[in-house]
Amino acid sequence: MRRKAKVDSYDRPAGGWGSLNAVAHILTQEEVAILGSEILLRQNKPDGFMCVSCSWAKPAKPRPFEFCENGAKATAWEVTSKTVTPEFFARHTLADLKIWSDHQLEEQGRLTTPMRYDRGRDKYLPVGWDEAFQEIGAELNRLDPRSVVMYTSGRASLETSYMYQLFGRMYGTNNFPDSSNMCHESTSVALPEVIGVPVGTVLLQDFDATDCIFFFGHNTTTNAPRMLHPLQEAAQRGVPIVTFNPLRERGLERFVNPQSPVQMIAGGTRISSQYYQVRLGGDAAAITGICKWVIEADDLAREKGTVRVVDAAFIERHTAGFEEFAAFCRAQDWDEIERASGLSRMALREAADIYMASNAVIANYGMGITQHKHGVETTKMVVNLLLLRGNIGKPGAGISPIRGHSNVQGQRTVGISEKTKLVPLDKLADLYDFEPPRWDGVSTVDACEGILKGKIRGFVSLGGNFLRAVPERSLMEPAWSGLRLSVQIATKLNRTHLVPGEVTYLLPCLGRIEVDRQVSGEQSVSMEDSTACIHGSRGQRKPVAEHLLSEPAIVAALAKATLKPNSRVDWDTWVGDYSKVRDAIERTYPDQFKNFNQRMFEPGGFPRPLAARERRWKTPNGKANFTVPKSAFAPPRESDGIYELMTMRADGQFNTTIYNEDDRFRGVEGSRYVLFMNPADMEDDGLKSGDTVTLVTEAGDGIERSLSELQVVPYGIPRRSIAGYYPECNVLVPLWHYAEGSKVPAAKSIPVRLFKDVPPEIIEGGETSISAT
């Protein structure tokens with residue numbers, strides 16, 4: 001039996017005393033109360049280090065405390081004084097550790113020593129760095145490069161990422177899946193087709209100039225809390241903030257700035273002026289309804305000969321496909337829009353009126369848009385909405401996908417991609433005198449399929465917790481054991497490390513916040529935020545262990561042990577002075593990284609040039625493109641007993657890292673195995689708060705996917721929609737259940753059936769069946 005959560009209502013704002021208490025708790029928990037407090041003062045500062053959690057923009061004039069609650073947790077988690085030494089592994093077999101929770105594993109502290117798995121003892125044993133590199137290189141050279149995956153999490157710097165992709169391509173593979181495949185790949189596919197760039201067009205200063213903000217499918221409270229500062233400032237100026245989200249999230253309702261004594265006393269600022277609880281997967285239908293109102297208002301204006309509602313001059317000069325899209329909107333039936341969105345036409349008219357009254361509109365969105373079967377089309381619908389009134393390429397307006405991990409966007413910029421069309425292969429060939437492979441590599445979903453089929457034989461992971469992050473866990477973990485080679489570069493122990501392949505190495509690395517000293521002195525690294533600005537980062541803390549290596553040093557050592565010598569690549573020189581790597585990045589991407597070394601510590605970061613910001617459209621037709629959805633919006637299944645499940649983060653986590661078992665903003669304490677339900681659905685199904693249920697995926701493919709003992713919590717969520725935590729609920733996601741065109745797992749709309757768990761006393765009495773609700 002799992003531990004039951006304590007559940008209580010939470011009606012306080014985001015931020016405020018709750019955040020201050022949470023920061024104090026994590027610093028004490030990680031035994032860095034004094035040191036951590038000093039380091040936090042350097043977080044996200046131009047002369048300090050960039051946060052290792054979210055990728056939200058950093059202001060040129062930072063606040064005294066330029067970190068959020070989650071950023072403080074991430075920092076304390078990395079600079080903890082707790083360590084995992086060889087003595088720890090001597091005491092524990094992997095079988096022992098597999099029953100530990102994700103939180104317990106990472107809570108043990110920082111890895112200190114390279115380890116090799118011994119199957120006979122079921123333990124990790126210490127190994128020397130040189131021996132590990134030589135053996136890994138030999139293993140890689142025995143494998144077909146097409147069968148090797150080189151995965152990257154969102155934490156690695158631009159310098160490390162560039163070296164990593166170059167090493168991989170010189171080795172002979174293009175298999176570079178990364179964490180973006182699991183979140184914003186829908187963005188990376190959709191935006192180039194319609195506006196010619198793969199990233200957002202908004203800069204931080206646009207929030208000062210905007211007069212309206214639309215929000216779709218993003219919980220800023222836990223995913224990018226520092227974003228609440230510009231949102232609060234906008235709200236205080238009277239800027240309407242129109243939010244579409246299935247759950248009412250605390251930070252998008254009200255926020256108290258902990259740095260403001262007045263706010264701490266007065267109770268903060270209302271954030272969203274309008275809040276619409278859209279049905280899971282109903283955002284495209286909601287946007288269609290808004291666009292329909294705009295088109296109809298414009299039609300009426302043309303009939304009367306009054307001022308057009310749409311920006312006709314912008315549409316004529318800069319876009320294609322408007323008439324087709326307008327005809328599509330006119331043809332949509334309001335009853336179907338209401339059913340698919342879960343919102344009334346009057347609610348959508350209210351949102352449309354706000355949009356039409358605004359001159360400069362920013363549209364923000366997160367994985368509530370991208371992690372659906374129609375994630376690519378829905379992203380394009382956000383662009384359609386903005387194009388109607390010329391809201392791309394002018395101050396205070398634009399599209400703003402809110403990326404997740406710290407440098408996940410930047411890694412793509414410097415070559416971490418399985419798609420060869422996105423990588424300057426000819427330039428790499430010319431610079432480094434080798435012939436890169438020209439075939440497209442595997443995405444994350446493709447890599448999982450390859451592992452299940454035995455086609456992927458080697459896996460090198462630069463950070464991350466792959467097995468916990470991906471779908472289909474019940475199949476993936478057994479298949480992982482069939483890998484010939486598994487190499488995990490990490491700072492802390494996680495679930496993936498407990499599932500070894502035939503040959504398995506655990507290589508501990510320096511964290512970004514630690515001082516990285518090489519032969520030329522202390523080094524700096526860089527990363528790109530979600531507004532495409534580049535920032536430098538300097539380590540602040542003495543390394544937690546004496547013999548840790550930096551990520552660039554590990555990548556270079558693997559390259560030297562695997563590749564034949566190449567006179568054009570001096571790996572040792574690059575490791576000795578990271579500015580040489582930045583010079584190489586600038587040579588490869590001269591337009592994007594002009595004067596890289598000179599500019600990397602500019603306050604606020606330096607922006608990469610993006611044509612769409614200047615209304616230059618690098619699309620095949622040279623225009624920004626309106627698009628008509630290829631498929632109808634799926635209406636909810638109302639009578640067949642199916643629920644739509646969305647997975648989400650708690651307040652006490654960042655991605656797969658679990659800081660604690662609580663979710664303060666949703667009133668949950670002590671367990672992550674909970675299920676949020678609409679009270680009316682609970683009543684219909686004979687459930688009460690605290691009952692436990694089993695979810696079974698409705699897939700029809702003959703594979704049973706289930707998760708039991710989920711504690712029911714009544715919550716404000718649309719009917720027939722339920723929500724549970726990531727990554728625990730990943731076991732319910734079929735590998736083939738992904739966004740069309742991008743293969744992003746559709747974790748925000750998983751069809752499931754719900755069964756009430758049978759109390760243990762009934763099972764003991766001989767009755768063992770479970771009943772469908």
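From a predicted model like this one, the values you see are computed outputs, not experimental measurements.
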- Message: Checking side chain to side chain contact (heavy atoms under 4.5 Å, CB included) between Ser749 and each of Glu644, Met646, His374, Gln371, which is the one that passes?
- Response: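 Result: among Glu644, Met646, His374, Gln371, Glu644 is the only option passing the side chain to side chain contact (heavy atoms under 4.5 Å, CB included) with Ser749.
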Check for a donor-acceptor pair, side chain of [X] on one end and backbone N or O of [Y] on the other, with a separation under 3.5 Å.
{"X": "Arg389", "Y": "Ser358", "answer": "yes"}
{"X": "Asp353", "Y": "Glu350", "answer": "no"}
{"X": "Thr647", "Y": "Tyr726", "answer": "no"}

Can you find a pair of side-chain heavy atoms, one from [X] and one from [Y], that are under 4.5 Å apart?
{"X": "Val309", "Y": "Trp293", "result": "no"}
{"X": "Ile402", "Y": "Met227", "result": "yes"}
{"X": "Pro607", "Y": "Arg613", "result": "yes"}
{"X": "Glu66", "Y": "Lys58", "result": "no"}
{"X": "Val361", "Y": "Leu385", "result": "no"}
{"X": "Ile271", "Y": "Thr243", "result": "no"}
{"X": "Glu338", "Y": "Asp335", "result": "yes"}
{"X": "His372", "Y": "Thr378", "result": "no"}

- From Asp681 atom CG to Tyr715 atom OH, the distance as rounded to the nearest 0.5 Å: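 Asp681 atom CG to Tyr715 atom OH measures 16.0 Å (nearest 0.5 Å).
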- Query: What is the distance from atom CZ of Arg719 to atom CG of Asn678, rounded to the nearest 0.5 Å?
  - Reply: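 So the CZ of Arg719 and the CG of Asn678 are separated by 5.5 Å.
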Might you confirm whether atom [atom1] of [X] has over 12 heavy atoms from other residues, nucleotides or ligands at distances under 6.0 Å?
{"X": "Glu233", "atom1": "CD", "value": "yes"}
{"X": "Lys6", "atom1": "NZ", "value": "no"}
{"X": "Lys394", "atom1": "NZ", "value": "yes"}

- Message: Between Thr627 and Asn625, does the side chain to side chain donor-acceptor pair (under 3.5 Å) criterion hold? Intermediate values first, please.
- Response: CA-CA 6 Å; Thr627 51; Asn625 291 292; over 6 Å; no
- Task: Just do the side-chain contact (heavy atoms from CB on, under 4.5 Å) check on Phe328 and Asn384 with the steps written out, would you?
- Result: CA-CA 12 Å; Phe328 162 79; Asn384 287 336; over 6 Å; no
- Message: The test is side chain to side chain donor-acceptor pair (under 3.5 Å); show your working for Gln43 and Thr75 and say whether it passes.
- Response: CA-CA 9 Å; Gln43 187 159 329; Thr75 295; 2.5 Å; yes
- Query: salt bridge (Lys or Arg N to Asp or Glu O under 4.0 Å) between Glu377 and Lys630: does it pass, once the steps are laid out?
  - Reply: CA-CA 8 Å; Glu377 290 187 351; Lys630 297 176 183 177; 5.8 Å; no
- Item | Parallel, tilted or perpendicular, as decided by the 30° and 60° cut-offs, for the rings of Phe244 and Phe214 |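 Ring orientation, 0 to 90° scale: parallel.
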- May I ask you to decide if the ring planes of Phe325 and Phe626 are parallel, tilted or perpendicular, using 30° and 60° as cut-offs?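 If you compare the ring of Phe325 with that of Phe626, the planes turn out parallel.
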- Do you know which two heavy atoms are closest between Ser273 and Pro240, and how far apart they sit?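 So the two residues come closest at OG-CA, 3.4 Å.
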- Task: Start with the C-alpha distance between Glu661 and Ser671, add both sets of side-chain angles, then the distance that settles side-chain contact (heavy atoms from CB on, under 4.5 Å), and finish with yes or no.
- Result: CA-CA 5 Å; Glu661 305 281 347; Ser671 176; 5.7 Å; no
- Could you go through the salt bridge (Lys or Arg N to Asp or Glu O under 4.0 Å) check for Glu69 and Arg664 one step at a time? CA-CA 12 Å; Glu69 175 186 333; Arg664 184 174 84 254; 2.9 Å; yes
- Task: Given side-chain contact (heavy atoms from CB on, under 4.5 Å), test Arg330 with Asp299 step by step and report yes or no.
- Result: CA-CA 10 Å; Arg330 295 185 191 104; Asp299 289 344; 2.7 Å; yes
- Query: Tyr725 and Gln653: side chain to side chain donor-acceptor pair (under 3.5 Å), yes or no, with the steps?
  - Reply: CA-CA 10 Å; Tyr725 291 128; Gln653 74 178 109; over 6 Å; no
- Message: Quick check on salt bridge (Lys or Arg N to Asp or Glu O under 4.0 Å): which of Lys73, Arg672, Arg666 does Asp651 satisfy it with?
- Response: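 With Asp651 as partner, salt bridge (Lys or Arg N to Asp or Glu O under 4.0 Å) holds for just one option, Lys73.
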- Answer with yes or no whether the side chains of Asn219 and Arg649 bring together a donor and an acceptor at under 3.5 Å.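 Looking only at side-chain atoms, Asn219 and Arg649 do not form any donor-acceptor pair under 3.5 Å.
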- Check the pair Tyr365, Thr187 against side chain to side chain donor-acceptor pair (under 3.5 Å), reporting the backbone distance first and the verdict last. CA-CA 10 Å; Tyr365 68 92; Thr187 293; 2.7 Å; yes
- Message: For a side-chain contact (heavy atoms from CB on, under 4.5 Å) check, start with the C-alpha distance between Tyr738 and Val744, then their side-chain angles and the critical distance, and finish with the verdict.
- Response: CA-CA 5 Å; Tyr738 52 66; Val744 170; 5.7 Å; no
